[in-house]
Amino acid sequence: MSLSSATHLRVTLKVTLAHYRQAPLQAFAILIGIVLAVTLFVAVQAVNLNAKRSYAESTESLSIKAENLIIPLSGQRYLPESLYFKLRQSGLSRALPVIKGRVRGGEGRRYSIEGIDIVAAITSRRGQQTQNEQEGANLFASSFPISDLLAGKAIVIVSESQHKVMGGKKQITLDDVVTSIVVIPDEWQLGSRLLMDIGFAQTLLNKAGLLSYIAVLENDSANSLRWQSLIADDAQWIANTKSTDLGSLTDSFHLNLTAMSLLAFLVGLFIAYNGVKYSLLKRNRLLVQLQQAGLTASTVFLSLIVELIILVGFGTTLGFIFGIQLSHWLHPTVALTLEQLYGATLLPGSWKWQWWGQALILTLIASLLACWQHFKQRVSQPLSSHGGFYQAPEQTNETLLVKVGGLLIVTALLGLWLSSHFRLTMFWLGVLIVAIPMLLPKSLGLLARWAEQRANIGLGQYLFAELKELVAPLSLAMMALLLAVTANIGMNTLVGSFETTLKHWLEQRLHADIYISPSQAEMVNVEKKLEQFEQIEEVYKQYYVQEKVDGLPTRLGTKDPATLEQTMVFHSQVPDFWQHFYSGEVVAISEPMAVKLDLSLGSIMPNSLVSGVSLSVGAIFYDYGSPDGEVLISPQLWQSQGYSMVPSSLGIKVAGDKAIVLYTLKDELQLHSSQLFDQQEIKSIALDIFSRTFAITSILNWVTLLVAVVGLFTSCFMLLEARKAAIARLYALGVYKAQLFALVIGQMVALVLFTLVVSLPLGALVGYVLTDIVTLRAFGWSLNFVWNWMDVVSLAFITVIVAVIATIIPLWHLVSKPVVSSLQSEVM
């Protein structure tokens with residue numbers, strides 16, 4: 001670039017800066033879209049990457065990495081503690097015994113507790129000077145009560161985040177035991193669990209001498225075979241693949257978040273592009289005058305590019321800061337969701353400067369692609385143009401948009417029909433959501449003409465006649481609103497359908513009044529005693545072992561005939577299913593298993609779960625409890641295969657007062673409160689946990705709508721500023737202020753209502769795809785599509801109210817000025 005060109009560019013940029021000082025609204029309109037777009041993009045990226053980092057660094061308690069796990073044999077729930085001491089004596093020094101369970105707090109809430117051998121944990125951490133310890137957060141700090149823990153005192157260790165959730169108390173009552181609380185940093189990766197010494201945990205859970213599993217903290221290949229042979233009769237030795245398992249299990253969850261963030265990013269860019277168009281429209285005369293003064297078109301064009309780069313850089317930086325803060329606000333919700341659904345514990349959120357670079361590059365590329373041709377048109381206009389203060393913006397090429405949009409819609413619908421994986425389904429759904437707004441300008445124009453033909457002569461007809469001209473300058477804001485409303489309706493439909501389906505399923509699935517889950521050692525004794533209780537009408541039994549079918553974790557089980565027939569909610573079944581089932585010819589499988597392994601009625605089971613018998617699928621039943629598989633066989637077949645006849649859990653039907661029976665069972669059978677479950681309690685826990693599946697996406701959904709609302713507000717403000725001369729003429733011709741308010745507000749409300757008319761069927765389609773296709777392919781869950789008119793009406797009402805507020809504020813400011821000054825603006 002020559003010296004003169006550089007000077008000219010500097011002068012042009014100074015003129016641009018002076019223009020924005022006089023009209024800060026124009027810069028704000030561009031920046032607000034960029035900031036909002038980047039904020040959502042960075043926030044979700046931070047949440048997703050932090051979650052994946054947590055999976056990769058998944059550890060046992062106190063951030064101790066486990067290489068292998070020793071778990072109970074199939075059909076058993078606990079390990080004998082003697083096995084741990086046997087391994088220690090054989091030379092396995094770096095191992096951590098763990099006992100897990102649930103206890104009830106003083107306020108009735110259930111907590112997940114985890115007991116570990118504190119001595120083994122301290123020994124395992126020696127020589128592992130981590131960053132956390134370097135910062136002073138270590139087990140040897142003077143504030144950490146190691147001696148009290150080793151003495152078996154009632155102490156529970158919680159993370160900082162969980163301590164805040166618990167109200168910051170110093171003590172908590174766990175199963176009538178007053179327990180002191182010790183707080184440790186979130187970096188120790190406890191999540192919402194309560195950590196304690198293993199002896200105290202075994203006492204609370206009534207599991208003396210039992211372990212849930214043993215974490216092997218060293219990878220000693222020379223001795224591992226010897227240790228595996230030592231435990232072969234009592235337990236299983238498996239590799240710790242937790243990070244890989246969690247990554248694949250939560251894949252659809254993170255895809256959901258990414259889709260929402262990209263949608264919000266797109267809505268934000270619509271707002272920014274609308275701001276750029278408005279700014280160029282207001283500077284049209286200035287751009288012509290700069291060229292008339294001797295500046296070349298290339299210099300003016302380059303100045304526009306540099307201006308956009310500066311605005312994108314500044315907006316991206318602000319958006320990055322806000323996005324990191326938003327991710328910190330969202331982190332607790334995501335952490336609780338992933339922990340309760342998938343057992344994943346998230347590390348505290350962190351951020352990287354690379355995310356700012358990624359957001360900057362993505363936003364800059366998208367902005368340049370959107371504005372390049374628009375800039376070229378502005379600098380290529382004839383120099384004889386006077387560039388009036390307000391010119392009608394270029395008409396959108398509606399025909400081209402309709403053709404491109406129609407082609408994309410047809411392609412997306414074909415893709416949705418043919419795709420078999422939820423990732424592809426989400427991609428084609430995204431294409432569909434982006435394509436339909438391309439039809440919006442044409443649709444709004446047609447609706448405006450239709451309304452004009454039916455309006456009364458006078459201001460009513462003028463309202464819709466002028467509305468046709470307003471479609472072009474407001475089309476981008478309406479597109480953004482359409483996208484946000486569509487996402488909101490689709491997501492609300494999914495959540496409502498999920499909740500309704502789950503409630504109906506639980507009503508049928510949970511037929512017992514009380515469920516009992518004693519240890520396997522106590523099960524036979526409890527089963528016998530239950531037969532003697534007068535207030536118990538019937539005892540239900542179910543049996544399960546853990547297996548794998550084609551790599552899918554699967555529960556193989558059976559139940560007593562009454563439980564089988566009352567609780568199995570069929571998706572499909574062969575004729576005379578129960579006859580074939582009890583004769584041992586067919587099995588029933590869960591819907592997630594059928595979807596993931598592509599099984600249907602009549603399919604032969606992939607690998608023989610029962611020796612010497614070829615089984616086919618006779619029924620597929622709904623199961624919303626797990627994305628894993630479940631296979632049910634007849635009780636006779638279970639017994640003939642030599643599986644344990646000791647139930648995994650029991651259910652009872654109560655004849656009298658349920659509360660009295662619960663107290664009696666706990667007292668006479670010496671059961672722990674965590675081993676007794678009331679049916680209503682299970683329902684409330686299930687609904688609470690599964691509602692969290694979409695909690696974070698619902699939050700992002702409303703944030704996306706907020707982004708569109710801000711865009712609508714700025715667009716209304718800018719348009720009224722540009723129309724003040726036209727409105728002033730009406731006022732000068734004798735139109736009262738009240739009529740002006742009714743006219744302008746009526747135009748905006750009509751435009752928003754027309755947009756809502758287009759968004760309703762699109763939102764219903766998105767909701768249907770999410771409910772009936774994506775959820776089925778991602779989780780294996782069939783949901784009943786439920787349309788909630790109340791939610792739709794509420795959303796429409798909120799949107800219209802926002803449009804009214806966005807119009808009335810600048811309009812009031814406008815009509816409060818002298819009419820002459822507004823009329824003069826047309827010739828300035």
Side-chain angles (χ1 to χ4, degrees), residues 68-79 100 211-214 228 231-242 244-246 248-249 342-343 509 517 519-520 523 541-560 563-564 567-568 571 580-582 584-650 779-781:
N68 298 284
L69 300 174
I70 299 173
I71 63 173
L73 295 171
S74 296
Q76 298 180 10
R77 300 179 64 185
Y78 297 99
L79 295 172
K100 288 186 173 184
L211 302 174
S212 297
Y213 65 91
I214 300 171
Q228 290 180 45
I231 66 166
D233 296 332
D234 303 302
Q236 302 178 65
W237 179 292
I238 62 172
N240 183 14
T241 59
K242 185 177 180 181
T244 305
D245 294 342
L246 288 175
S248 58
L249 191 60
Y342 308 108
R509 187 68 178 260
S517 181
S519 66
Q520 290 299 101
M523 183 65 75
K541 305 171 186 178
Q542 56 182 10
Y543 312 79
Y544 280 104
V545 293
Q546 199 68 30
E547 300 285 351
K548 274 201 173 184
V549 178
D550 269 13
L552 179 69
T554 303
R555 298 171 71 212
L556 171 65
T558 190
K559 305 174 184 180
D560 61 88
T563 303
L564 281 168
T567 63
M568 200 179 298
H571 174 275
H580 295 299
F581 179 78
Y582 287 123
E585 301 172 18
V586 298
V587 299
I589 66 172
S590 65
E591 187 183 25
M593 185 174 189
V595 171
K596 292 180 183 298
L597 299 184
D598 195 22
L599 300 174
S600 58
L601 294 181
S603 298
I604 303 298
M605 292 303 294
N607 57 338
S608 182
L609 294 172
V610 290
S611 59
V613 181
S614 177
L615 297 170
S616 62
V617 177
I620 298 172
F621 58 89
Y622 294 111
D623 181 15
Y624 303 100
S626 169
D628 295 339
E630 183 174 335
V631 179
L632 292 176
I633 61 177
S634 68
Q636 296 83 357
L637 188 57
W638 177 274
Q639 188 172 6
S640 68
Q641 290 295 313
Y643 287 111
S644 172
M645 293 309 296
V646 178
S648 303
S649 63
L650 301 167
F779 295 99
W781 299 338

Engineer: Which pair of non-hydrogen atoms, one from Thr567 and one from Arg509, has the smallest distance, and what is that distance?
Structural biologist: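 Nearest heavy atoms, Thr567 then Arg509: CG2-O, 3.2 Å.
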Engineer: For the residue pair Gln542 and Ser649, confirm or rule out a side-chain donor-acceptor distance under 3.5 Å.
Structural biologist: yes
Engineer: Measure across Ile604 and Ser616 and return the closest heavy-atom pair with its distance rounded to 0.1 Å.
Structural biologist: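 Shortest heavy-atom contact: CD1-CB, 3.9 Å.
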Engineer: Before you tell me yes or no, could you show the steps for Met605 and Ile589 under side chain to side chain contact (heavy atoms under 4.5 Å, CB included), namely the whole-Å CA-CA distance, both residues' side-chain angles and the distance that decides it to 0.1 Å?
Structural biologist: CA-CA 10 Å; Met605 292 303 294; Ile589 66 172; 4.0 Å; yes
Engineer: Any donor and acceptor pair, going by atom type alone, linking the side chain of Ser212 with main-chain N or O of Lys100 inside 3.5 Å?
Structural biologist: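 Looks like yes, one N/O pair under 3.5 Å.
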Engineer: What is the minimum heavy-atom distance between Tyr543 and Met645, and which atoms define it?
Structural biologist: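 Heavy atoms only, the tightest pair is CE2-O, 3.2 Å.
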Engineer: So do the side chains of Leu556 and Trp638 get within less than 4.5 Å of each other, counting heavy atoms only?
Structural biologist: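 Counting from C-beta outward, Leu556 and Trp638 do come under 4.5 Å.
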Engineer: Can you give me the closest heavy-atom contact between Tyr643 and Val545, atom names plus distance?
Structural biologist: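 Taking every non-hydrogen atom into account, CE2-CG2, 4.1 Å.
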Engineer: Please give me the minimum heavy-atom distance between Thr554 and Glu630, naming the atom from each residue.
Structural biologist: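 Residues Thr554 and Glu630, closest heavy atoms: CG2-N, 3.9 Å.
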Engineer: Roughly how far, to the nearest 0.5 Å, is CG of Leu564 from CZ of Phe621?
Structural biologist: 9.5 Å
Engineer: Donor-acceptor pair, Ser590 side chain versus Asp623 backbone, under 3.5 Å?
Structural biologist: no
Engineer: When rounded to the nearest 0.5 angstrom, what distance separates CD in Gln636 from OH in Tyr582?
Structural biologist: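 One gets 7.5 Å once the value is rounded to the nearest 0.5 Å.
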Engineer: Rounded to the nearest 0.5 Å, what's the gap from CG on Leu632 to CZ on Arg555? Could you check?
Structural biologist: 9.0 Å
Engineer: Could you grab the distance from atom NZ of Lys559 to atom OG of Ser648, nearest 0.5 Å is fine?
Structural biologist: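 Taking NZ in Lys559 and OG in Ser648, the distance rounds to 11.0 Å.
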Engineer: Please find the pair of heavy atoms, one from Asp560 and one from Thr563, that lie closest to each other, and give the distance.
Structural biologist: OD2-OG1, 2.7 Å
Engineer: Relative to the ring of His571, is the ring of Tyr622 parallel (under 30°), tilted (30 to 60°) or perpendicular (over 60°)?
Structural biologist: perpendicular
Engineer: In sequence, state the C-alpha distance, the side-chain angles, and the governing distance for Leu615 and Leu637, and then conclude on side chain to side chain contact (heavy atoms under 4.5 Å, CB included).
Structural biologist: CA-CA 11 Å; Leu615 297 170; Leu637 188 57; 4.1 Å; yes
